[in-house]
Amino acid sequence: MLKTIALKNSMKTLALLSVTAFAATSGLVFGTMQAASALNWNWNYSGTGIAANGTFTTNNTPNDLGFYLISGITGTRNGETITGLQPAGTPIPGNEPFNVDN
């Protein structure tokens with residue numbers, strides 16, 4: 001909620017209005033509101049000689065088929081840091097011709 005304080009000097013009023021307008025618009029442009037379009041999913045798996053865990057970041061809502069697009073990943077596999085995702089539409093080396101669909 002914005003309030004304007006009436007001042008006798010019109011230059012002071014103009015300056016106050018300018019500061020108020022800048023504060024209001026900079027909050028919109030430089031604000032720290034986080035987008036409501038991401039979800040974090042904790043995951044893990046293990047098998048003979050394999051242990052991995054981390055977090056996926058996805059869209060907030062599923063697509064028409066009910067799947068969530070993964071946009072980021074963090075975690076480790078056998079103690080090594082996971083550095084990224086296989087790009088959608090490309091095959092995992094050795095698994096050609098089957099493309100990753102995210």
Exercise. Is atom CZ of Phe98 surrounded by more than 12 heavy atoms (other residues, nucleotides or ligands) closer than 6.0 Å?
Worked result: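 No, because the 6.0 Å sphere around CZ of Phe98 holds 12 heavy atoms or fewer from other groups.
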Problem set entry | CD (Glu80) with more than 12 external heavy atoms under 6.0 Å |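 No, not enclosed.
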Exercise. Does the side chain of Trp41 come within less than 4.5 Å of Tyr68's, by heavy atoms?
Worked result: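 The answer is yes; the side chains approach within 4.5 Å.
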Problem set entry | Separation of Leu69 CG from Thr58 OG1 (nearest 0.5 Å) |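 Those atoms lie 8.0 Å apart.
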Exercise. Can you hop from Ile82 to Ile70 via hydrophobic side chains spaced under 4.5 Å?
Worked result: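 Yes, because Ile82 and Ile70 connect within a single hydrophobic cluster, where side-chain heavy atoms sit under 4.5 Å apart.
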Problem set entry | same_hphob_cluster(Leu39, Leu85) at 4.5 Å side-chain heavy-atom cutoff |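 Leu39 clusters together with Leu85.
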Exercise. Are the side chain of Asn63 and the backbone of Leu65 linked by a donor-acceptor contact shorter than 3.5 Å?
Worked result: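 At least one qualifying donor-acceptor pair exists.
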Problem set entry | Main-chain N/O of Val100 paired with Gln86 side-chain donor or acceptor, under 3.5 Å |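 Flag not set: sc Gln86 to bb Val100 has no pair under 3.5 Å.
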Would you mind writing out the side-chain donor-acceptor pairs for residues 46-55 within the sub-3.5 Å range, not counting sequence neighbours?
unit_1	atom_1	unit_2	atom_2	d
Thr55	OG1	Asn42	OD1	3.2

For this session: Taking side-chain hydrogen bond (donor to acceptor under 3.5 Å, both in side chains) as the test, write out the residues that go with Thr74, two or more places apart.
Result: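 For Thr74, no residue satisfies side-chain hydrogen bond (donor to acceptor under 3.5 Å, both in side chains) once neighbours in sequence are set aside.
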Exercise. Between Thr76 and Trp43, which heavy-atom pair has the shortest distance, and what is it?
Worked result: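 What the structure gives for the nearest pair is O-CH2, 4.5 Å.
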